[in-house]
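As structure tokens, the structure follows; a few thoughts come after it.
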Number of protein chains: 2
Amino acid sequence: MKTLDTALKLLKLFETEEQTLSVTEIAEAAALPKSKVSRLLADFRANGFLEQDEQTRRYRVGLAAFELGSNYIKSQPLAHAALPVLRQIVDRTGHSTTLSVMRGDLILHILAVEGPHYIDGRWRVGNRLPFHATSAGKVLLAGLMPAGFEAFVANRRLDPITPSTVTDPEVFRRQIEETRSSGVSLTRGESAPGLSAIAVPVLGRSNDTVAALGLIIPDRFFAEEETDSLIALLHEEARTLSIKCGAADYPFGSASASHTPALARSAAPV
Amino acid sequence: MKTLDTALKLLKLFETEEQTLSVTEIAEAAALPKSKVSRLLADFRANGFLEQDEQTRRYRVGLAAFELGSNYIKSQPLAHAALPVLRQIVDRTGHSTTLSVMRGDLILHILAVEGPHYIDGRWRVGNRLPFHATSAGKVLLAGLMPAGFEAFVANRRLDPITPSTVTDPEVFRRQIEETRSSGVSLTRGESAPGLSAIAVPVLGRSNDTVAALGLIIPDRFFAEEETDSLIALLHEEARTLSIKCGAADYPFGSASASHTPALARSAAPV
DNA sequence: TTTAAAGTTGCATATAATGCAACTGTTTTT
DNA sequence: AAAAACAGTTGCATTATATGCAACTTTAAA
């Protein structure tokens with residue numbers, strides 16, 4: 001099944017930032033002869049998975065791909081179960097809420113419900129952000145066991161996105177460890193100035209971290225004194241969701257008899 | 001390029017309502033031997049376009065497909081240009097706003113910005129609804145020229161979704177004609193009880209209808225006397241968007257010197 | 001007008017897809 | 001509990017299908 005395999009690798013080039021791609025660009029990127037690429041793309045186009053600009057002949061993602069992709073939310077049990085939960089969190093807190101998963105070396109928002117405060121498009125569904133500059137990313141990394149985490153940090157540059165982005169591997173490592181024990185990460189302006197975020201893990205069947213549930217809060221609406229109750233709320237909802245996903249236990253937040261009941265706040269130093 | 005072609009046809013089965021599909025179901029639906037289907041699906045899985053349930057072995061849409069699909073919005077010029085417009089409409093009216101296109105014999109919401117009033121999940125991005133029960137659908141049908149419309153009505157059953165759904169082909173035809181001349185469709189509870197909708201066309205390069213821009217309004221928040229100004233606002237924004245998409249002219253609403261300036265309201269009889 | 005570049009198509013060749021049937025594993029029936 | 005039925009995957013020879021080169025067409029630049 002090599003034909004389909006190379007075809008899908010071409011399609012994956014459209015998952016990146018590039019808006020449109022030409023036959024030549026794709027052929028070069030994939031190190032394949034143009035004739036082959038041309039034929040494959042034509043077939044994707046015929047099936048609606050790619051569209052071709054009439055003028056420039058450049059290809060872009062097609063409606064069939066969009067429609068297929070939007071079924072992910074409906075068929076993925078986690079995402080499906082999470083939608084009402086996110087809604088409720090927005091209702092109760094007034095803040096935009098997201099559900100994020102790992103995807104390669106970035107985090108991907110698979111679900112987002114926006115609150116009344118306007119937030120930059122970067123937080124919309126389908127957007128990707130680096131691990132080290134987001135609370136969701138830190139929660140997901142903390143879910144990897146030490147070995148996996150070390151592998152990540154080893155060959156990764158912690159590029160600064162804003163002046164507040166953590167770039168020191170030691171500080172980063174310590175934050176991840178704190179997140180691992182407290183089950184929460186709080187970041188302030190690390191990926192966009194003036195924007196804070198709180199995230200907690202959602203656990204799956206074998207109590208591994210399968211997603212991060214988080215709030216995005218513009219600083220001017222972020223009341224410091226509410227932090228603890230927001231974290232408690234997130235933990236509460238993440239517990240519900242985790243149990244629904246088959247997790248045996250959710251060891252964070254107050255309702256559980258487990259460890260670290262109230263020190264959650266100390267998790268992610270500003 | 002027959003291998004890719006059959007492979008994509010399998011993938012398209014996941015665009016439908018079905019949440020998950022088994023190898024056997026797919027093989028039957030596509031009239032292909034199970035061995036072939038099994039191999040193709042395994043390859044889609046290896047590339048992340050499909051995921052397989054550990055227990056049931058059934059397939060569902062994968063994360064790669066989701067990520068690819070979400071790039072549609074970014075690379076499709078219309079959708080990309082429309083996002084800020086929708087945001088502005090929500091800000092100004094307080095109502096949820098959608099952008100919809102034709103997709104087979106259903107309409108598909110490719111963009112949606114939710115207002116403060118809770119609205120049923122059916123209006124979320126990626127959802128499909130029948131033409132005859134939605135204002136967006138009527139606008140899109142009105143954009144087809146008479147021949148195309150007749151072809152549609154001819155072999156189509158106007159199944160009732162609610163008691164208010166239009167099921168009489170003659171009434172339906174008249175509504176489409178009125179929509180064609182007025183450039184607006186207003187429906188009340190035709191696809192869900194207690195929910196009204198207003199939609200106007202967005203025109204493309206050759207002044208054909210490429211999308212429908214619409215509001216979804218729960219009846220209890222729908223102030224009758226605002227109807228005209230809502231329609232005017234939609235027309236105004238749709239004009240901006242149409243010009244951006246290369247339309248030479250936008251013949252609806254007040255700012256244009258064209259025809260039917262103020263009778264918009266008479267468009268879609270309740 | 002000439003030259004260059006991008007994209008598509010024809011064709012002989014070899015590679016990769018095919019379907020059958022056998023095999024494994026899981027669920028249902030008696 | 002054993003047997004049967006069913007769902008899914010894999011081995012293998014056979015042939016259809018994808019392949020790359022080069023010629024060709026089309027669009028853009030000089």
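Convention: sequence-line order gives letters A, B, ...; per-chain numbering from 1.
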Distance, rounded to the nearest Å, where B:Arg45 contributes CZ and D:dG8 contributes P
12 Å
Does B:Thr24 put a side-chain nitrogen or oxygen below 4.0 Å from OP1 or OP2 of D:dG8?
yes
Any side-chain N or O of A:Lys34 under 4.0 Å from OP1/OP2 of C:dG7?
no
Measure from CG on B:Leu21 to P on D:dG8 and round the result to the nearest Å.
11 Å
D:dT17 phosphate, OP1 or OP2, under 4.0 Å from B:Thr3 side-chain N/O
no
Between A:Gln55 and A:Leu32, just flag the one whose closest nucleotide in DNA chain D comes earlier from the 5' side.
A:Leu32
Measure CG/B:Asp43 against C1'/D:dA18 and give the value in whole Å, please.
15 Å
Nearest-angstrom distance from the residue atom CZ of B:Phe44 to P of D:dG8:
17 Å
Could you tell me whether the side chain of A:Arg239 and the main chain of A:Phe252 form a donor-acceptor pair under 3.5 Å?
yes
Please determine, by modelled atom types, if A:Asn207 and A:Asp249 share a side-chain donor-acceptor pair under 3.5 angstrom.
no
Could you measure the distance from the CG atom of B:Leu108 to the CG atom of A:Leu63? Nearest 0.5 Å is fine.
5.5 Å
Out of D:dG8, C:dT18, C:dG7, minimum distance to the side chain of B:Lys36 belongs to C:dT18
Would you confirm whether A:Asn47, through its side chain, and A:Asp43, through its main-chain N or O, come within 3.5 Å as a donor-acceptor pair?
yes
D:dT19, OP1 or OP2 - any side-chain N/O from A:Ser35 closer than 4.0 Å?
no
Just how far, in rounded Å, is P of D:dT26 from CD of A:Glu54?
17 Å
Which of D:dT9, C:dT9, D:dT19 is nearest the side chain of B:Ser38? It is D:dT9
Whole-Å distance, B:Glu28 CD to D:dC6 C1', equals 12 Å
Specify the separation, in whole Å, of atom CD of B:Gln52 and atom C1' of D:dT9.
11 Å
Nucleotide nearest A:Arg39 (side chain, heavy atoms from C-beta), chosen from D:dC21, D:dG8, C:dA17:
D:dC21
Gap separating the OG atom of A:Ser100 from the CG atom of A:Leu106, nearest 0.5 angstrom
12.0 Å
Spacing between B:Asp5 atom CG and D:dA18 atom P, to the nearest angstrom
9 Å
